[in-house]
Amino acid sequence: MSNPVRPYVITGGRSRPSRESLALESLLSVSPDGPDLPDGALNREHRRILALCRRLLSVAEVAAHLGLPLVVVKVLVGDLWDLGAVQVLPPAPQAERLPATLLEEVLVGLRQLR
């Protein structure tokens, strides 16, 4: 059984990210011109997030890779974003997303090609 206190230790007791615009679909990558951070500025989980974000991943994917609750990862990513260590691409607005019916029609078409 997991220790319920652990996530609060990782985040320094915080339960909300510093930025409300951080959605679970937001895409993360390491900032190419990120700051030079002194030793000890980041905890182990911050460093693990930076290692994962060498390739483009969503906040949800990072949480899954780390095995941490989404809210904990959002707090940690918010820290890294505030430091300029990661770039965050917000999810596409609903109006720009393809309708599900169109995607289903494409899927049916692809299955018929077999």
Side-chain angles (χ1 to χ4, degrees):
M1 180 181 232
S2 67
N3 183 349
V5 176
R6 185 172 180 259
Y8 295 105
V9 172
I10 294 170
T11 64
R14 295 167 296 145
S15 62
R16 295 205 171 139
S18 61
R19 301 196 188 206
E20 292 300 318
S21 61
L22 190 58
L24 65 107
E25 308 97 339
S26 295
L27 297 175
L28 310 171
S29 66
V30 173
S31 294
D33 54 344
D36 289 327
L37 300 170
D39 289 340
L42 302 176
N43 66 27
R44 183 178 65 134
E45 285 74 20
H46 285 121
R47 291 189 303 272
R48 290 175 64 198
I49 291 170
L50 290 175
L52 285 169
C53 292
R54 288 188 183 128
R55 60 188 174 108
L56 199 61
L57 288 176
S58 71
V59 174
E61 289 173 308
V62 170
H65 282 289
L66 296 178
L68 291 172
L70 188 59
V71 67
V72 171
V73 172
K74 288 176 80 172
V75 169
L76 297 172
V77 168
D79 295 344
L80 294 170
W81 193 4
D82 291 343
L83 291 169
V86 294
Q87 294 177 328
V88 179
L89 301 171
Q94 187 67 32
E96 293 180 18
R97 296 182 187 172
L98 295 174
T101 54
L102 176 62
L103 295 174
E104 289 171 6
E105 289 176 25
V106 170
L107 182 58
V108 168
L110 290 171
R111 285 183 177 150
Q112 290 176 353
L113 291 175
R114 290 191 214 180

Within residues 80-90 or reaching into it, pairs that qualify as salt bridge (Lys or Arg N to Asp or Glu O under 4.0 Å) - sequence neighbours excluded: R19-D82
Pairs involving residues 101-113, ordered by first then second residue, that meet side-chain hydrogen bond (donor to acceptor under 3.5 Å, both in side chains) (sequence neighbours left out): none
Gap separating the CG atom of L57 from the CG atom of L27, nearest 0.5 angstrom: 8.5 Å
Single-linkage hydrophobic cluster, 4.5 Å side-chain cutoff, L24 and L56 together: no
Gap separating the CG atom of L80 from the CG atom of L28, nearest 0.5 angstrom: 9.0 Å
Connected via hydrophobic side-chain network under 4.5 Å: I49 and L70: yes
Exercise: identify the closest heavy-atom pair between V62 and C53: CG2-SG, 4.0 Å
side-chain contact (heavy atoms from CB on, under 4.5 Å) against L83, all qualifying residues, sequence neighbours excluded: L37, L42
Point-to-point distance, once rounded to the nearest 0.5 Å, from CG of L66 to CZ of R44: 9.5 Å
Pairwise distance CG(D79) to NE2(H46) - rounded to 0.5 angstrom: 3.5 Å
Linked hydrophobic residues, L107 as query - side chain contacts closer than 4.5 Å: none
Joint cluster assignment, L113 & V106, ILVMFWY side-chain distance < 4.5 Å: yes
Expected output: side-chain K74 to main-chain V59 donor-acceptor under 3.5 Å: no
Please output the side-chain donor-acceptor pairs of residues 86-93 that fall under 3.5 Å, not counting sequence neighbours, one pair per line with the distance.
from : atom 1 : to  : atom 2 : distance (Å)
Q87  : OE1    : S29 : OG     : 3.4

Residue pairs passing the side-chain hydrogen bond (donor to acceptor under 3.5 Å, both in side chains) test where at least one lies in residues 49-58, sequence neighbours excluded: S58-E61
